[in-house]
Amino acid sequence: MGLLAENAAAIAAGERSSKQVVGAALEAADRLQPLLNAFTMLLHDQAMAAAEEADGAARSGGAKDRPLLGVPVAVKDLYDVAGTVTSGCSRAYLSNAPAANDAHAVAALRRAGAIVIGKTNMHELAFGGTTSVSCFGPARNPWDPERMPGGSSGGSAAVVAARIVGSALGSDTGGSIRIPASFCGATGLKVSAGLLPLAGVLPMSPSLDTPGGIASDAVDLALVHGALAAEPVAMRPSEPVEGLRVIGVPTEYFFDSVDPEIEEAVRGALDVFSSDGVTVRPIPAPWAFPAYEAWLLLALAEFGRAHAALLERIDELDPSLQIILRAGAAVAAEDEISARDQAIEVRNAFAATMSDVQLIVTPSTPFVAPRHSDETITIGAVEIPVQLGVSHFTRPFSTIGAPAISIPCGATASGLPIGLQLIARPGGEHLLLRAAARYQNETGWHRRIPPNAA
């Protein structure tokens with residue numbers, strides 16, 4: 001049982017008060033903020049007032065229909081939270097009017113009883129995988145503050161890994177939940193394209209954007225996903241996963257350039273499923289590079305349209321975002337159409353691959369969390385640019401629209417987390433969560449606590 005489920009159960013049973021739990025989360029957030037810079041704002045008064053209401057509801061039996069009653073959560077700063085500015089961690093949007101209403105996902109968590117304690121730092125406008133670029137300054141990894149937490153949901157992964165909260169909302173367009181979950185040792189789910197509403201979410205690339213959660217383990221994440229999708233997830237981590245018969249391991253692309261420690265950990269993780277009688281089979285992945293390639297044109301074109309008004313005041317963006325926005329605005333219509341056609345082809349090819357397997361396993365990232373100062377990472381004889389390499393294994397599944405989850409599956413000799421990525425057919429979120437929970441029931445990697453934690 002993770003932090004979220006543990007606190008929810010204790011509050012429902014009257015063993016802890018929400019005020020105690022929320023107060024402890026806020027104290028930890030205040031104490032770690034100077035080191036991690038993971039929050040853009042903390043909502044002390046609002047959170048404590050909500051905790052008092054939650055305690056009253058718990059005493060009158062209100063936890064029965066509200067599985068997250070009284071537990072603290074955090075929200076990436078591209079979700080509308082009523083009464084606060086949605087900045088996207090960009091100076092260009094800091095002067096926007098406060099949101100009048102909660103985003104759909106935030107409202108769903110509140111209906112389940114969760115209490116928002118703050119908004120989290122992110123890579124500016126979500127177009128980047130490091131969270132080194134933010135008008136609030138870089139967020140830092142609780143395993144080593146000199147290292148990046150990944151992005152764009154870096155602050156959300158950092159506050160979960162540091163056990164400040166049991167879960168935080170992120171979003172994933174090309175890996176923005178899975179990359180930081182991998183770098184910080186958390187569990188993060190990218191849902192199928194179109195599964196969850198995007199109302200109240202600052203767009204990056206609307207056809208690729210997906211809301212979702214990051215949590216300390218898959219059981220907690222299932223609680224969050226159940227609230228977001230309004231559909232509880234039945235979890236039985238102590239039993240083999242029903243319906244999981246064959247796992248595919250790609251023979252190309254995903255293991256071509258990967259840190260040897262990561263490859264060893266990922267391949268070793270398959271033993272857990274094999275011991276349950278699951279067949280592990282090599283599979284081709286001819287769709288992987290074309291999907292990666294199509295992603296960039298689609299993301300750039302849609303980003304350029306979503307933020308076209310900023311071209312008139314582009315100096316308010318970080319220089320790296322200025323380049324991206326100009327590139328997006330310059331994408332030719334015929335190139336975007338060609339990329340969309342390519343995306344359809346790779347989805348069909350992926351569907352053919354999945355006809356014989358229930359899940360695919362890959363590393364989440366080619367390397368573990370780089371230092372903020374790192375521009376490239378060398379693996380063997382290959383020098384990989386950090387900004388591109390972080391999403392090398394995640395972007396293809398965003399183009400395809402398939403759900404994917406990143407879970408901790410090991411650690412390097414220096415102690416940094418290693419992420420395992422599981423991928424299912426579109427609509428396979430429950431299978432992913434059950435498979436992740438089964439793996440975590442049999443291992444302890446998700447229980448490791450970073451040195452900078454609550």
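- Side-chain N or O atoms of T131 include one that pairs as donor or acceptor with a backbone N or O of G154 at under 3.5 Å.
- Of all the heavy atoms in S391 and G174, the pair that sits closest is CB-O, 3.6 Å.
- Here OG1 of T399 is found 13.0 Å from CD of E345. Values are rounded to the nearest 0.5 Å.
- Each ring pair (Phe, Tyr, Trp, His ring centres under 6.0 Å) pair with one or both residues in residues 160-196, not counting sequence neighbours, would appear here, but there are none.
- Inter-residue side-chain proximity for S90 and L321 is flagged as unmet; no heavy-atom pair is nearer than 4.5 Å.
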Which pairs would a plain distance check flag for residues 191-201, meaning a side-chain donor or acceptor within less than 3.5 Å of a matching protein atom at least two apart in sequence or in another chain?
| unit_1 | atom_1 | unit_2 | atom_2 | d |
| --- | --- | --- | --- | --- |
| S192 | OG | G427 | N | 2.7 |
| S192 | OG | E429 | OE2 | 2.6 |

Show your reasoning for whether side-chain contact (heavy atoms from CB on, under 4.5 Å) applies to D356 and V246.
CA-CA 7 Å; D356 295 324; V246 184; over 6 Å; no
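- For residues 119-137, the set of pairs meeting the salt bridge (Lys or Arg N to Asp or Glu O under 4.0 Å) definition, not counting sequence neighbours, comprises D77-K119.
- Side-chain contact between I324 and L300: present, with at least one pair of heavy atoms (C-beta onward) separated by less than 4.5 Å.
- Between atom CG of residue L68 and atom CG of residue L4 there is a gap of 5.5 Å, rounded to the nearest 0.5 Å.
- Counting only residues at least two apart or on different chains, no salt bridge (Lys or Arg N to Asp or Glu O under 4.0 Å) pair has a member in residues 207-230.
- Within the structure, every pair that satisfies the side-chain hydrogen bond (donor to acceptor under 3.5 Å, both in side chains) test and touches residues 441-452, not counting sequence neighbours, is listed here: R438-E442.
- In this structure, the side chains of F303 and S205 stay at 4.5 Å or more apart for every pair of heavy atoms.
- Taking CZ of F350 as the reference point, atom OG of S355 lies at 11.0 Å (rounded to 0.5 Å).
- No donor-acceptor pair closer than 3.5 Å links the side chain of K64 to the backbone N or O of A12.
- At a threshold of 4.5 Å between non-hydrogen side-chain atoms, the residues L169 and V106 count as touching.
- For residues 264-285, no pair satisfies ring pair (Phe, Tyr, Trp, His ring centres under 6.0 Å), with sequence neighbours left out.
- The shortest side-chain heavy-atom distance between Y292 and L388 falls under the 4.5 Å cut-off.
- Using modelled atom types, one side-chain atom of H307 and one backbone atom of P203 make a donor-acceptor pair closer than 3.5 Å.
- Checked by atom type and distance alone, the side chain of D102 never pairs as donor or acceptor with a backbone atom of A107 at under 3.5 Å.
- With hydrogens and angles ignored, the 3.5 Å screen pairs no side-chain donor or acceptor of D80 with any backbone N or O of T86.
- Contact annotation: the side chain of L125 approaches that of L202 to within less than 4.5 Å [non-hydrogen atoms, C-beta and beyond].
- Side-chain contact between L433 and L189 is present, with at least one heavy-atom pair separated by less than 4.5 Å.
- The side-chain hydrogen bond (donor to acceptor under 3.5 Å, both in side chains) test applied to S152 returns K76, S176, not counting sequence neighbours.
- Closest approach of S132 to H372, counting heavy atoms only: OG-ND1, 2.7 Å.
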Start with the C-alpha gap between R140 and L35, add the side-chain angles, then the distance that decides, and say whether side-chain contact (heavy atoms from CB on, under 4.5 Å) holds.
CA-CA 7 Å; R140 304 183 188 94; L35 181 68; 5.7 Å; no
Check residues 411-424 and write down every donor-acceptor pair under 3.5 Å in which the side-chain atom is one partner and the other belongs to a residue at least two apart or another chain.
| unit_1 | atom_1 | unit_2 | atom_2 | d |
| --- | --- | --- | --- | --- |
| T412 | OG1 | S414 | N | 3.3 |
| T412 | OG1 | S414 | OG | 2.9 |
| T412 | OG1 | G415 | N | 3.4 |
| T412 | OG1 | L416 | N | 3.1 |
| Q421 | OE1 | R178 | NH1 | 2.9 |
| Q421 | NE2 | T362 | OG1 | 2.9 |
| Q421 | NE2 | F393 | O | 3.0 |

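- Applying the salt bridge (Lys or Arg N to Asp or Glu O under 4.0 Å) test to residues at least two apart or on different chains, the pairs with a partner in residues 240-257 are R236-E242.
- Looking only at atom types and distance, the side chain of T120 has a donor-acceptor partner in the side chain of S156 under 3.5 Å away.
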Step-by-step side-chain contact (heavy atoms from CB on, under 4.5 Å) determination, L109 to L228:
CA-CA 7 Å; L109 290 185; L228 296 177; 4.1 Å; yes
Which donor-acceptor pairs under 3.5 Å do side chains of residues 277-288 form with protein atoms, sequence neighbours excluded?
| unit_1 | atom_1 | unit_2 | atom_2 | d |
| --- | --- | --- | --- | --- |
| W287 | NE1 | T353 | OG1 | 2.9 |

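- Among all heavy-atom pairs drawn from V233 and A222, the shortest one is CG2-O, 3.9 Å.
- Judged by distance alone, with hydrogens and angles left aside, the side-chain atoms of R434 form a donor-acceptor pair with the main-chain N or O of A234 at under 3.5 Å.
- Between the side chain of N37 and the main chain of P138, a donor-acceptor pair closer than 3.5 Å is present.
- Evaluation of the ring-ring contact (aromatic ring centres under 6.0 Å, His included) rule for F39 yields no partner, not counting sequence neighbours.
- Between V258 and P363, the shortest heavy-atom distance links the atoms CG2-CG, 4.0 Å.
- Side-chain contact between P142 and L36: present, with at least one pair of heavy atoms (C-beta onward) separated by less than 4.5 Å.
- Here the closest non-hydrogen pair linking P149 and A139 is CD-O, 3.2 Å.
- Shown here for T394 and S364, the closest heavy-atom pair between the two residues is CG2-O, 3.5 Å.
- Residue I323 holds its CD1 atom at 12.0 Å from CZ of F127, rounded to the nearest 0.5 Å.
- Within the model, atoms OG of S406 and CD1 of I179 stand 9.5 Å from one another, a figure rounded to the nearest 0.5 Å.
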Test side-chain contact (heavy atoms from CB on, under 4.5 Å) applied to T376 and V386, step by step:
CA-CA 5 Å; T376 61; V386 168; 5.5 Å; no
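- Atom CD of E239 is surrounded by more than 12 heavy atoms from other residues, nucleotides or ligands within 6.0 Å.
- Sorted by first and then second residue, the ring pair (Phe, Tyr, Trp, His ring centres under 6.0 Å) pairs involving residues 197-253 (not counting sequence neighbours) are Y253-H392.
- Distance alone, capped at 3.5 Å, places no donor-acceptor pair between the T187 side chain and the I407 backbone.
- Rounded to the nearest 0.5 angstrom, R395 CZ and I400 CD1 are separated by 14.0 Å.
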